[in-house]
Amino acid sequence: MKLPAVAIAAAFCCGIALGLWAPVVHFGVSSSLLICGFALVFALIACGIAAVVAQRLVVSAVSAMFCWLLLGVLAAGIAKQPLPPDHILRLVEEHRIDLHSPLRWRGLLRDEPSVLPWGVAYDIDLIGVEAAGEFVPARGGLRLSYSLRPEQPAAPDLHAGDEISVLTQARRPQVFRNEGAFDRRAYLAAQNIELTASLRAASLLDLVRPWPVTAASLLARLRRRLREQLDKLFGDTPQVAGVLRAMLLGDRSFIDRDEAKDFQKTGVFHVLVLAGLHVGALAVVLFWAGRRMRLSPGWTILLILTSLALYIAVVEQRPPVLRAGLMAAAVVVGGFFYRRLELLNSAALAAILLLVARPPALRDSSFQLSFVAIGCIGGLALPWLARTAQPYARAMRGWRDVTRDAAHEPRAAQFRIDLRRSLHWISSKSPRRLGVSIENAFAAVLRLGFRSWELFVLTLVLQIGMLPLMARDFHRITLAGPLVNLIAVPLTGLIVPLGFIAVTSSLFVAAVGRLLSVPLQWLTVFILHSIAWFAHFPSASYRIPGPRTWLMLAFFVVAILLAFALRATARWQRRATPALTCALLVCTGLVAWFPFSPQWSPGKLEATILDVGQGDAIFVVSPQGQSLLIDGGGAFRGFPGHPEHGGTDPGEDAISPYLWSRGFQKIDVVALTHAHQDHLGGLTAILENFRVGRLWIGREAISPALARLEEFARAKHIPIEHERRGQTFSWSGTEAAFFWPGASSDEIASTAKNNDSLVFRLRYGNRTILLPGDAEKDAERTMLADDAGEELRADVLKVGHHGSKNSTMPDFLAAVRPQMAIISAGEENPYGHPSPALLARLQDAGVSVYRTDRDGAVRVVTDGESLTVSCFVACPALTTREALRQTQSPNDEQQHEQQ
Ligand SMILES: [Zn+2]
Ligand SMILES: [Zn+2]
């Protein structure tokens, strides 16, 4: 077997996958089960050894594979053991710590404080917390951030290893609980961060004990020095400093949102994520330097390994660099012993090591991306190049030397002969003095052509191979990718080593650093400009729903078969290559075009109140599949004074992934109830990511954000319509009537107001859903007065203004008489929504209440008679009174009314 490590890694991965996802081991692995498992492992090992002795190699290989498979299942089971009793999440779950009020937390600074564009962040390894007057030991990670405002004192100067105590209200990281949404909690938990908090004042953070000198704290200080040095070298070009921080040290916090989007659109975001490319570039330069210094192979390897280890220790966002570093180490060390180690084997070795250390890493999308990338290079691109272009590229070496022709395979030898003949012919036509130079120039151009072709094939194969994962995780297809990578990859290969030399040398001799920073700045500006230029083409990339699971499986099965065919020596196996390539291209096409229809319930009206934090977003699908999105959430726009940085965008992070998870690429109507940030903020992303038919707006208001949105819609040729009281629309049996804004809506309002919200009711069959936006008591009162309230009657009410006490007033509630009320509010929002007074009103009226801050997205489906509700987290159990109300059919109710 040529790829033993790959086979072992594959068996181990299958085992872990079984252990993580199969229901068999969902109850966790008990100790007796573990003993049985390991007994089986030993039996398999014994069986394997016996088979080797008996020279039954197939039997021994099979038992070895089963052994690794079983080890994978056991590893996953062990990793699934419950959290230790003093883990902070256990303490919160068991109500031993209450996160609803500020507490005094004690811990050690994990790293030097990270300087961010808007302030400072501290990662703290917790020691304990003071709760109810006693000290409770606790472990876990807390990320504390401090926004610097001009009037505030500077953050305390702390160092890695310092023991600190801080008074703050910590909370679980924000998540959007909708189908398809990015799980920020899991993402931060993978970095050992379980809680986040913000520091209100610098005086609330105290230093208990300064840092002891340890290797880790010294490395953290070195990391800080390098960061400061970069800022010093590029102080007058902050954009360049931000990009170099990312490319050299893995700190992307100074890349603003638009910049990051340009990198994503052109398929070169990987340049900003420290990984294989960066490690590879450094290793190549170190190898070259070792040769220049005439070091023996042993010393060269030592130089490369120590430098890589230092590099991994010094950068941030470590996992991808660690993976790449391990692979590079395996290649370098393996190369020393075996001359040429198969890339796939060294990658598999790295994967086994990482999975033994942390089996659930298999689930991490960044782990999958790394290994799929290396699999594409080692499994598809290199073998294909070895069969096609490489023999010719190699034939270019010493092409003048006739005696070396015989060392090449016949077609390459023929190529050398043709090359010599053609170049001689060209030189014979030119002045004699220049003849040799012209020959050399042509040969150099040809060599460059081969290198570019290899790079192009590599990036193209990578683009194709990574496509399903990119579509699943980032929902983006970049058409310009292979082209832009032709520029970005070689530039990264130059910038990374040059950057390191510049920064480290500036630590010792400032003048050298300054000198080297000049070409570094040119290169970085060039890469930024070329990316921005490619990104401005609208067709450079587009967004897409993630591929269906069956398609993903089919894609990777075909890719693996193709990898086998490319390596095969038997002729019939090689003949399968064109067919398999075609199959792979068909799968690629299906992923890239997504020709599947979206998922909806034919013949039923559905409305989903999405969890967008503090804000509103409601997705409605008619019985024939027409779609309507009301509002786009969006409460939080970046950090104070730095709207271009950080922050979450519910349009991009919650609503778009939800719609993609259901396969929607087109929305017939997007409606904005009123131009407040928590309704409008996410809509730009929606107009950008989906084909939108029309944009409905209630009353026009003077608001810069609304003006920007309208301008954006016009640029995308989306018609804008203003809806008002008295208008209606009908969609395949669904009738809708607008109740608000009223007569005054022809005038442009001076500001956006809750009481100008678009209010409308959907009716399908006997069931009705009322959607009042943020309308408050004034609007409610006028609506009631205008139509005596009978029109307002609805089975389902999306509660107005996030459950504020000034909305859904008693007389309005009495007119609507809903069975169920759904409140869209953010978890732990600062406004205290929903208000206890409102909750009491709803309870008194016997209305069953669903809340997005507790239940996640709430979906209501009706066939015109029955109503069904489902919640993303779990729907609350109904009280008897509510249950009784819900079992009544609408006709019963009407009878009830008549009595
Ligand atoms: Zn609102
Ligand atoms: Zn509002």
Side-chain angles (χ1 to χ4, degrees), residues 174 176 178 607-619 629-637 647-651 654-655 670-686 696-710 722-724 738-742 744-745 748-760 770-783 797-809 812 821-835 837-839 850-854 857-858:
Q174 189 194 12
F176 297 118
N178 305 314
T608 308
I609 289 80
L610 294 167
D611 174 14
V612 286
Q614 180 69 7
D616 262 10
I618 300 144
F619 186 58
L629 177 76
I630 305 149
D631 291 336
F636 186 43
R637 259 187 81 100
T648 43
D649 176 356
I655 305 169
V670 168
L672 171 68
T673 57
H674 65 300
H676 277 163
Q677 184 59 29
D678 57 329
H679 299 250
L680 172 147
L683 286 185
T684 312
I686 298 298
W696 287 351
I697 293 175
R699 186 173 174 185
E700 190 67 43
I702 298 172
S703 141
L706 179 61
R708 272 199 301 275
L709 183 77
E710 289 182 7
H722 289 87
E723 307 296 324
R724 51 177 291 184
F738 289 94
F739 296 148
W740 201 253
S744 63
S745 68
I748 297 176
S750 56
T751 52
K753 286 193 285 284
N754 286 341
N755 275 327
D756 285 335
S757 285
L758 204 59
V759 177
F760 60 106
L770 182 63
L771 303 160
D774 273 1
E776 291 183 313
K777 54 186 169 193
D778 287 348
E780 288 179 357
R781 208 177 300 135
T782 324
M783 276 187 273
L797 170 69
K798 196 284 312 179
V799 173
H801 197 202
H802 320 289
S804 142
K805 64 176 189 300
N806 294 323
S807 282
T808 328
M809 302 311 282
F812 186 76
I822 302 159
I823 301 170
S824 175
E827 204 178 4
E828 308 259 330
N829 66 77
Y831 314 99
H833 291 155
S835 96
L838 170 92
L839 289 175
Y850 301 86
R851 296 168 51 169
T852 59
D853 60 340
R854 181 190 63 195
V858 182

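As the structure lists them, so they are numbered: ligands from 1, and atoms in each ligand from 1. Note that this is a predicted model, so its numbers are computed, not measured. For this chain, numbers begin at 1 and follow the sequence in order.
- Looking only at N/O/S atoms, Asp774 comes nearest to the Zn ion (ligand 1) through OD2.
- Not one N, O or S atom of His801 sits under 2.8 Å from the Zn ion (ligand 1).
- Here CG of Leu758 is found 12.0 Å from CG of Asp774. Values are rounded to the nearest 0.5 Å.
- Among the atoms of His674, no N, O or S atom falls under 2.8 Å of the Zn ion (ligand 1).
- Side-chain atoms of Asn754 and His676 include a donor-acceptor pair closer than 3.5 Å.
- Of all N/O/S atoms in His676, ND1 sits nearest the Zn ion (ligand 2).
- Computed with the Zn ion (ligand 1) at the centre, the His679 NE2 to His802 NE2 angle is 110°, stated to 10 degrees.
- Take the N/O/S atoms of Asp678: the one nearest the Zn ion (ligand 1) is OD2.
- Using a 30° and 60° split on the angle between ring planes, Phe738 and Phe760 fall in the tilted class, from 30° to 60°.
- Not a single N, O or S atom of Ser757, from either the backbone or the side chain, sits less than 2.8 Å from the Zn ion (ligand 2).
- Side-chain N/O atoms of His802 and Asp678 include a donor and acceptor closer than 3.5 Å.
- What you find for Thr852 and Ala825 is that their closest heavy atoms are OG1-N, 3.1 Å.
- For NZ of Lys805, the number of neighbouring non-hydrogen atoms (other residues, nucleotides, ligands) closer than 6.0 Å is 12 at most.
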